[in-house]
Amino acid sequence: MPASDHLKRLMVETIASNINEMVIGFDGTPATSSDGAAGRPATTITPTVTILDNATLLVEGTLTTATSYDETLKEVYVQLRGTTGFTPITRHVFRPIQKSSNNEITLQIIIEVN
């Protein structure tokens, strides 16, 4: 018997309320379902999490013009950071982006919970 819609919504709400860090990094190695951390972190930001429906979250984070890097950004890692460590949520690799003080970047991640 599949989980009820109420339970699915509760799981999505629990995950959404616990996501509190988005790590942007330089590592471009392929992302897997067993990734345990960001490869080479550049910065950590606090994302905005929006529940789109009973199975989908939108996680958004912005790097403002106040930050710039000599190396291209290639990964984003979403996690829950607690008092005793962190819990990995998801890691994604994207086409390299050159982040300078002349551009602002907003990263949007869709997470489907099944």
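Both backbone and side-chain heavy atoms feed into the values below; hydrogens, waters and symmetry mates do not. Note that the structure is a prediction, hence the values are computed from the model and not measured.
Using a 4.0 Å cut-off between a side-chain N of Lys or Arg and a carboxylate O of Asp or Glu, Arg40 and Glu71 qualify as a salt bridge. A salt bridge between Lys8 and Asp53 is absent, with no side-chain N of the basic residue lying under 4.0 Å from a carboxylate O of the acidic one.
Proximity of a side-chain donor or acceptor of Lys99 to a complementary backbone N or O of Thr64 within less than 3.5 Å is detected. Proximity of a side-chain donor or acceptor of Asn103 to a complementary backbone N or O of Gln98 within less than 3.5 Å is detected. Thr14 places a side-chain N or O within 3.5 Å of a backbone atom of Leu10 that can act as its donor or acceptor partner. Side-chain atoms of Ser17 come within 3.5 Å of backbone atoms of Glu13 as a donor-acceptor pair (strictly under, hydrogens ignored). Arg91 places a side-chain N or O within 3.5 Å of a backbone atom of Pro30 that can act as its donor or acceptor partner.
Expressed to the nearest 0.5 Å, how far OH of Tyr77 lies from CD1 of Ile24 amounts to 13.0 Å. The OG1 atom of Thr87 sits 9.5 Å away from atom CG of Asn20, with the distance rounded to the nearest 0.5 Å.
With hydrophobic clusters built from ILVMFWY side chains whose heavy atoms lie under 4.5 angstrom apart, Leu80 does not share a cluster with Met11. Note: the hydrophobic cluster containing Leu73 does not contain Val93 (ILVMFWY, side chain heavy atoms under 4.5 Å, direct or indirect links).
By the 6.0 Å contact criterion, CG on Asp70 is open, its count of non-hydrogen atoms from other residues, nucleotides or ligands being 12 or less.
If you check the side chains of Arg81 and Thr46, you find no donor sitting under 3.5 Å from an acceptor. Checked by atom type, the side-chain pair Ser100/Ser68 shows no donor-acceptor distance below 3.5 Å.
In this view, Phe86 satisfies the ring pair (Phe, Tyr, Trp, His ring centres under 6.0 Å) rule with no residue, not counting sequence neighbours.
Checked against Leu58 for a side chain to side chain contact (heavy atoms under 4.5 Å, CB included), the options Ile110, Ile111, Ile109 give a single hit: Ile110.
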